[in-house]
Amino acid sequence: MITGKNYIGNLLSAKGNKTFTTFNPELNSKNTAVFTEATSAEIDEAVKLASEAFKKFNKITGSKKAAFLNTIADEILALDDLLIQIYCSETGLPEGRAKGERGRTIGQLRNFANLVAEGSWVEATIDTEDLTRASQPKPDIRKYNFPLGPVVVFGASNFPLAYSTAGGDTASALAAGCPVIVKSHPMHAGTGELVASAIKKAAEKTKMPNGVFSNLNSSGIEVGQKLVLNAGVKAVGFTGSIKGGRALYDLAANREEPIPVFAEMGSINPVILLPNALINRAKNIANIYAGSITLGTGQFCTNPGLILGIKSEGLTTFINTLSKEIVKINPSVMLHSNIKKGYVKNKEKVVSQEGVTVSANYSEYVQTNYAQQAVVTVDGKYFLENATLHLEVFGPFSMIVECENKKQLEKIITNLEGQLTGTIIADNNELENHANIVNALQNRVGRIIFNGVPTGVEVCESMVHGGPYPASTDSRFTAVGIGSIKRWVRPFSYQDWPNNLLPNELKNENPLGILRTINGEKSRAKIN
Ligand code: NAP
């Protein structure tokens, strides 16, 4: 049942008087549940509890953390149809997508459970003492990854499950040993509360310290700002707009104690069409891209918003086919009326720029909150000169840039802002002849794709979901896959510490049997 209250650790609380509702974009009407925004006192209480919980939680064994994460997954599944129903009513996304995203969320939680149960992720590194060293005796030094402390997670509008309450940021932070306070996304506060109730149940069942998790409601930016400024918070995870992510990053940097903000923000995911591929299969590529641009109403962070090619007959065929095919696709609803307004506004802004031609625009009637897909074209020289053309249009939209030659194409790629992904569509041996293009792209993106589409992010260990700014605020980390745990830890060394007082990961006996680096060699051995 949805209460509309905040979860302050294990307590339900609604002390404030600011309330709000979520919105059903399909019906274009407000949902009935009323949510109460967290007050300053409730925010402080959640952070205080998290700081207390951290003292115990950072020492909890990997197997206990694994049990907690697996129980969260079980409790989310137990929410069954109710969760799917609320998810759909708050986002307009179809049931299939809701179930798929739930599966991904469960999978992520279980992946992190396996990681911490095994234990080697702490990267234990031991350099034993050498009292006979000629210059001076060498001390015994042992390093491992230690959690940062309470983490604030901002739920994402476009992934109500997989990047929100129990999504990748929360799962990785809990796995690392950090208590989590979620700033629930106002567009899907009900979905958030249901998932929060599952986490609370799991925390109680597995006897986690009270405060290991809190979920705070908000209808504006103040709750998030207060959380980021609270001295007890030690790191932030965010997915959303560049404007929001950058504002939080600056806020955190200006604190007396600055803290890391891992923000995954806008991306237009350039796609490079090389000439031979266009000669041989322009129509086929165009068909595939009509689907990718409109997938999920274009509301994926990896949506292909920018397509680059060199002027040729093949590129013209591609543009014509894409324009013809994309308008055949039935428009779909956007997440919220505000997202739809943003889409229309940003699309109009781009279309009004010098040199931009609309090559496809779904012009038939659509229901309120449905998005009309569009494709525009522009010459390379206009694109190079006008930064407005480089901005993300969040929705089913893509811009095709017609470059004069290879040199201009390379210059455009070099001048792009940082991106999550870059895709190259090429035929055999074409990559070898375009090494400069590939190099330029590698400098601008976190993941490069060959002959595919950027949409559809595989959750696995080798995935990089991040990239140079502004795709993310720290390109050294990924927000997807088990490697994302590294955002929430710091390396910590013990020098000459008594063996019995060391954490199990670093003890001579290696009681956990984990893989460690001992005097430069990887081993699961004990130290005699
Ligand atoms: P958003 O505006 O960036 O908001 C994300 C979260 O951050 C919300 O909870 C929001 O709180 C909070 N927030 C925003 N600005 C803040 C600030 N200055 N200080 C503190 N908190 C702040 O993103 P959104 O609401 O999810 O969607 C809006 C737009 O973001 C979309 O139209 C799209 O352009 C972009 N977006 C991009 C991606 C992507 O992957 N590229 C994903 C999602 C969204 P409130 O909602 O309470 O204000």
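Since the structure is predicted, the reported quantities are computational estimates derived from the model, not experimental observations. Both ligands and their constituent atoms are indexed starting at 1 by order of listing. Residues take their numbers from the sequence shown, with the count starting at 1.
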*Asks:* When rounded to the nearest 0.5 angstrom, what distance separates OH in Tyr87 from CG in Leu194?
*Replies:* 13.5 Å
*Asks:* Using a 3.5 Å cut-off and no angle test, enumerate the donor-acceptor pairs between side-chain atoms of residues 360-369 and protein atoms at least two apart in sequence or in another chain.
*Replies:*
from	atom 1	to	atom 2	distance (Å)
Asn361	OD1	Lys347	NZ	3.4
Asn369	ND2	Pro25	O	2.9
Asn369	ND2	Asn28	OD1	3.1

*Asks:* Taking non-hydrogen atoms only, is Lys183 closer than 4.0 angstrom to ligand 1 via side chain, backbone, both or neither?
*Replies:* side chain
*Asks:* Can you pull out the closest protein heavy atom to atom 29 (C) of ligand 1? Residue, atom name and distance to 0.1 Å, please.
*Replies:*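 Answer for atom 29 (C) of ligand 1: Ser241 CB, 4.1 Å.
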*Asks:* Hey, are the side chains of Ser292 and Ile288 touching, using non-hydrogen atoms and a 4.5 Å cut-off?
*Replies:* no
*Asks:* Could you tell me whether some N/O pair between Ser157 and ligand 1 is separated by less than 3.5 angstrom?
*Replies:*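 Indeed, backbone or side chain, Ser157 has an N or O that close.
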*Asks:* Considering only heavy atoms from C-beta outward, does the side chain of Ile181 approach that of Val153 to under 4.5 Å?
*Replies:*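 No - every pair of side-chain heavy atoms lies 4.5 Å or more apart.
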*Asks:* At a 4.0 Å cut-off, with the gap strictly under it, does some heavy atom of Glu222 reach an atom of ligand 1?
*Replies:*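 Outside the 4.0 Å threshold, so no.
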*Asks:* If you count the atoms of ligand 1 from 1 in the order shown, which ones are under 4.0 Å from a heavy atom of Asn158?
*Replies:* 40 (O), 42 (C), 43 (C)
*Asks:* List every atom of ligand 1 that sits less than 4.0 Å from any heavy atom of Cys301, numbering the atoms from 1 in the order shown and giving each element.
*Replies:* 39 (C), 40 (O), 41 (N)
*Asks:* If you measure from CG on Leu308 to CG on Leu416, what distance do you get to the nearest 0.5 Å?
*Replies:* 6.5 Å
*Asks:* What atoms of ligand 1 come within less than 4.0 Å of a heavy atom belonging to Ala247?
*Replies:*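 Result: 18 (N).
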*Asks:* With a 4.0 Å cut-off on heavy atoms, does Ala156 reach ligand 1?
*Replies:*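 Judged by the 4.0 Å heavy-atom criterion, Ala156 does not count as contacting ligand 1.
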*Asks:* Centre of Phe159's six-membered ring, under 6.0 Å away, within 45 degrees of the axis: is that where NZ or CZ of Arg97 sits?
*Replies:*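 Yes.
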*Asks:* State the atoms of ligand 1, each with its element, that fall below the 4.0 Å cut-off from a heavy-atom position in Ser218.
*Replies:*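 The list of qualifying atoms is 47 (O).
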*Asks:* Considering Gly245, Gly266, Gly240, Ala263, which one's heavy-atom position lies nearest to atom 44 (C) of ligand 1?
*Replies:* Gly240
*Asks:* Does Phe159 have a heavy atom less than 4.0 Å from any atom of ligand 1?
*Replies:* no
*Asks:* Say whether Glu392, considering both its backbone and side-chain N or O atoms, lies within less than 3.5 Å of an N or O atom on ligand 1.
*Replies:* yes
*Asks:* Mind checking the CG-CG spacing from Asn215 to Asn217? Nearest 0.5 Å is all I need.
*Replies:*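 Between Asn215 CG and Asn217 CG, I get 6.0 Å after rounding to 0.5 Å.
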*Asks:* Report the nearest protein non-hydrogen atom to atom 5 (C) of ligand 1: residue, atom name, distance rounded to 0.1 Å.
*Replies:*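 Ranked first by proximity to atom 5 (C) of ligand 1 is Phe238 CE1, 3.7 Å.
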